[in-house]
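Below: the structure, in structure tokens.
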Amino acid sequence: MDAQSYNAALSELRTVRDAIKKARMELSRLEADRDKRITQLASYNKAKAERIAPAAGLSVTDVVEVAPALVPDSLAATADKPQPQRPAPDTLAAAGSADVTAKPQGAVAAAATTDRPQPTTAAGPGEPANPATPPAASEARSLPSIPEGTTGDDWFTYTQGLASARPNFTQQARSTVFLDTATGILVHRQQTHHLDLGNATAADILTAVFHTIPEGVERIYITAGDPWHRDADRYPYLRDAVAAWLNAPIPGWRTDTGRGRDRMAGHFVHARNPVGRYQRENGEQHVEIRSVGEWFDTDGDDPTVIRDAFVLLWQALRRHWSDAVIMGSPSQTGRDLWTRTIPTRGQYADGFPVLSEELRGLLHATAGQGRNELITPPRVPEQLPQLVEYDRTFAYAKHTWKSPVGTPRRITARTFAAWSQKEQMRALYGCGHWQVRVTVPDTWNHVGLLPAPAPGDRAWHYPATPGTTFTTWAGGPEIHTALINPIQPWKIEILDGILWDDGKPLDDWAKKLKETWTNLSAQAHFQGDAQQARAAHLASRAVRSVLLYGIGAFAQRPRMVTGTTPRALERDVPPDAEIISFDDELITWQKPTGFSRDPNAHPEWAAAIWSGARAALLTQRHRDDNTYAGALHTPPGTVVAFRTDALYLTEPQNWPYHHQPGDYLLRGHFTGPLPAPTGEEELLTLRDAGRAALTTSRES
């Protein structure tokens with residue numbers, strides 16, 4: 001063996017090593033998830049180990065080991081005996097290191113070798129950093145990388161025959177009613193009815209609604225009452241109660257199997273805003289039961305006000321889209337409206353092509369959404385002098401002016417290193433998604449700047465401990481902010497990257513929605529009639545949801561399908577399905593369907609907007625006022641929390657507010673001293689108290 005073949009064999013060995021580590025970590029995560037679900041199933045008073053064992057792929061003995069309460073009668077005599085222990089998974093071996101080009105703090109560098117770096121989990125807020133000690137496999141969450149060589153290069157293409165195109169049909173409106181299940185008030189067009197809903201089961205609702213409106217409806221919005229929570233105390237988890245409510249048998253009806261161009265099938269099980277889809281057994285009628293909470297938060301509003309809000313929303317959208325139709329959800333509505341802004345001329349007249357499934361999967365795994373972080377003592381005082389909430393108004397609308405378009409290019413560490421500093425900064429300021437090795441400066445004393453993978457599915461944290469080094473993926477706006485932030489530049493090493501051309505595929509859509517929002521907000525402010533003013537306010541919040549969830553829909557997460565199978569036909573449950581609940585009659589299950597052939601899947605657009613929004617929470621320039629706002633423009637130790645597009649501080653700020661998207665609006669101000677929150681529930685309690693206190697002070 002010569003030197004060249006020796007080095008090649010070493011490279012192949014590293015690839016095998018990395019694959020083994022990832023497989024062990026994934027196996028450990030799946031086993032922990034399986035055991036958790038077995039424990040959850042064991043809480044059901046009729047659970048049997050012999051039923052759970054085949055669903056879990058284990059023996060009855062193994063199931064009983066995880067959940068001793070499931071010991072069958074035949075094993076009761078031996079239940080107290082020591083159970084054999086399964087071998088513990090190997091812990092992660094020490095991560096291999098890659099030499100990097102020495103650069104001063106704050107410089108952007110590129111890895112000098114092509115070895116694939118190993119992600120490490122950096123210390124969280126308030127924890128000592130120990131980058132040299134690898135985390136156990138059960139604790140670590142590694143992010144995927146682009147494969148070396150032609151395998152990775154093949155990812156940089158589009159899915160054959162799949163592109164976002166302007167529709168050539170007119171979307172059909174659906175007959176809709178608004179129902180308060182707490183009071184039984186039903187609003188249909190200009191008429192109000194009072195229904196007897198019995199126990200407010202899905203069967204009771206459909207029977208009462210179709211009796212009152214014999215011609216039928218296609219969509220029932222629940223405005224209050226949350227009927228799917230009626231039996232919540234009977235179930236260990238709220239989601240189980242919702243699934244049981246949706247799947248309860250209804251004489252004459254069955255679960256809808258979908259139809260039409262906007263084909264949607266099956267129920268959507270969600271703890272707060274579920275969707276029930278039903279059709280007559282003869283197939284002649286289809287109806288959805290949905291929560292109006294998908295669109296906006298209500299505050300005891302009458303169904304008539306909510307109906308008026310949807311009418312105002314439709315009228316306002318029609319000023320920009322002559323064929324606008326309000327669909328079942330804000331995300332569906334947002335994407336449908338966007339498709340009607342696809343240009344009929346120019347480069348993308350034939351539509352925007354969809355990335356390869358591999359790149360979409362990479363973006364799904366490495367591009368988080370909003371920043372949600374609670375900073376606890378000792379990084380903030382034990383007793384806060386006050387808690388001040390600033391919320392970025394219509395935040396995502398601020399970041400839609402530029403989005404990735406064109407064929408993506410792979411920018412390797414070697415390619416990046418060969419560029420001039422000007423070319424490097426231009427690339428980082430452009431539309432890109434970068435794998436980087438990050439080092440927090442030794443003298444850093446403020447919040448973290450870049451997301452790092454944390455234990456848990458899709459969990460992120462923001463290391464801020466001086467000297468911490470971690471590997472992650474981040475968008476151009478965040479990388480740029482880390483390099484030129486107003487306090488001290490961070491050291492960033494480029495390991496790999498995806499770069500697109502700059503384009504404006506969302507600009508026209510977002511401008512129309514911003515104008516709609518502005519118009520409705522003005523109506524809410526100047527309208528003399530209190531009911532119409534409230535309706536206009538709710539409609540403006542609905543526009544926010546159309547844009548917010550429309551952007552989220554571009555991310556196209558892998559889908560989950562929920563279904564039911566009669567208990568007597570348990571063998572018909574799909575082999576890859578997860579059983580989420582069952583009773584004496586039905587088994588309820590769900591299974592992933594992966595990435596569908598969705599022509600409007602553009603996770604690169606969602607990722608770019610989310611990255612820009614996270615960066616703006618740190619620093620944002622107000623050109624007209626020649627000033628800046630954001631967390632990095634506050635003293636160290638004054639940032640208590642980030643929550644998607646909100647910032648919680650211990651001191652008020654004199655930041656400009658002009659009612660424009662992205663401006664920081666003062667939402668709450670609670671005067672202390674008060675204990676620093678240590679969990680989300682405590683933070684939300686203080687938030688609500690701060691909003692109430694600010695409202696009171698303004699009214700007095």
Side-chain angles (χ1 to χ4, degrees), residues 174-189 191-235 237-257 264-295 298 300-307 310 328-329 562-564 566-567 580-588:
R174 296 193 178 179
S175 175
T176 301
V177 298
F178 301 87
L179 174 64
D180 183 334
T181 60
T183 63
I185 295 176
L186 175 80
V187 175
H188 177 228
R189 296 175 182 163
Q191 298 178 331
T192 300
H193 308 271
H194 290 80
L195 309 186
D196 180 2
L197 296 177
N199 294 320
T201 64
D204 292 335
I205 290 172
L206 291 180
T207 299
V209 169
F210 278 83
H211 175 74
T212 305
I213 308 171
E215 66 271 25
V217 298
E218 295 178 278
R219 185 175 297 135
I220 302 170
Y221 276 125
I222 305 300
T223 65
D226 296 338
W228 35 78
H229 294 162
R230 290 293 176 92
D231 294 327
D233 56 344
R234 294 175 50 194
Y235 297 88
Y237 298 99
L238 201 57
R239 199 167 177 274
D240 293 343
V242 172
W245 189 90
L246 291 171
N247 290 299
I250 304 176
W253 295 84
R254 58 184 174 85
T255 303
D256 199 344
T257 55
M264 298 291 288
H267 304 314
F268 175 61
V269 181
H270 187 278
R272 302 292 175 185
N273 297 313
V275 181
R277 300 185 178 97
Y278 306 94
Q279 66 180 113
R280 291 282 192 188
E281 288 183 344
N282 59 16
E284 292 181 358
Q285 288 179 310
H286 303 254
V287 64
E288 291 181 331
I289 299 178
R290 310 188 72 111
S291 169
V292 81
E294 294 179 86
W295 292 86
T298 62
D301 293 295
D302 186 273
T304 303
V305 174
I306 294 174
R307 186 273 319 275
F310 275 86
S329 70
T562 303
T564 59
R567 189 72 176 263
I580 56 177
S581 67
F582 56 84
D583 55 27
D584 293 336
E585 296 181 357
L586 291 175
I587 299 171
T588 303

Q) Under 3.5 Å, is there a donor-acceptor pair between the side chain of His188 and the main chain of Val217? A) no
**Q.** Spacing of Gln279 atom CD and Trp253 atom CH2 [to the nearest 0.5 Å]
**A.** 9.0 Å
Q: Please tell me if the side chains of Val269 and Arg239 come closer than 4.5 Å, counting only heavy atoms from C-beta onward.
A: yes
Q: Indicate yes or no: at least one non-hydrogen side-chain atom of Val287 is less than 4.5 angstrom from one of Ile220.
A: yes
Q) Looking at Phe268, is Arg290 sitting on its ring face, NZ or CZ under 6.0 Å from the six-membered ring centre and within 45 degrees of the normal? A) no
Q: Calculate, to the nearest 0.5 Å, the distance between atoms CD and CD1 belonging to Glu294 and Ile222 respectively.
A: 11.5 Å
Q: Grab the two heavy atoms, one from Ala232 and one from Ala241, that are nearest each other, plus how far apart they are.
A: CA-CB, 3.8 Å
Q: Find out whether Thr181 and Arg230 are in side-chain contact, i.e. whether some heavy atom of one side chain is under 4.5 Å from a heavy atom of the other.
A: yes
Q | Closest contact, heavy atoms only, Asn273 versus Ser291 | A | OD1-OG, 2.8 Å
(Q) Within this structure, what is the OG1-CG distance for the pair Thr201 and Leu206, rounded to the nearest 0.5 Å? (A) 8.5 Å
Q. Is there side-chain contact between Val187 and Asp180, with heavy atoms separated by less than 4.5 Å?
A. no
**Q.** Pairwise distance CG(Leu197) to CG(Leu179) - rounded to 0.5 angstrom
**A.** 5.5 Å
Q: Check step by step if side-chain contact (heavy atoms from CB on, under 4.5 Å) holds for Ile185 and Phe178.
A: CA-CA 8 Å; Ile185 295 176; Phe178 301 87; over 6 Å; no
**Q.** Side chain to side chain, Ile306 and Tyr221, heavy atoms closer than 4.5 Å
**A.** no
Q: Would you confirm whether the ring centroid of Trp245 sits within less than 6.0 angstrom of the ring centroid of Tyr235?
A: no
Q) Does some side-chain heavy atom of Thr212 sit less than 4.5 Å from a side-chain heavy atom of Leu195? A) yes
Q) Looking only at heavy atoms, what is the nearest atom pair of Gly266 and Thr255, with distance? A) CA-CG2, 3.7 Å
Q) Side chain of His267, backbone of Arg277: donor and acceptor closer than 3.5 Å? A) yes
(Q) Asp302 vs Thr304, test: side-chain hydrogen bond (donor to acceptor under 3.5 Å, both in side chains). Steps then yes/no. (A) CA-CA 5 Å; Asp302 186 273; Thr304 303; 2.9 Å; yes
Q. Would one find more than 12 heavy atoms of other residues, nucleotides or ligands at under 6.0 Å from atom CG of Asn282?
A. yes
Q: Verify side-chain hydrogen bond (donor to acceptor under 3.5 Å, both in side chains) between Thr298 and Asp301, making sure each step is shown before the conclusion.
A: CA-CA 6 Å; Thr298 62; Asp301 293 295; 5.1 Å; no
Q: Give a yes or no answer on whether the side chain of Asp226 reaches the backbone of Trp228 with a donor-acceptor pair at less than 3.5 Å.
A: no
Q. Would a distance-only check, ignoring hydrogens and angles, find a side-chain to backbone donor-acceptor pair under 3.5 Å from Thr176 to Arg174?
A. yes
**Q.** 4.5 Å side-chain heavy-atom contact, Pro274 and Leu246
**A.** yes
(Q) Check this for me, if you would: do Arg254 and Glu281 make a salt bridge, where the nitrogen-to-carboxylate-oxygen distance has to be below 4.0 angstrom? (A) no
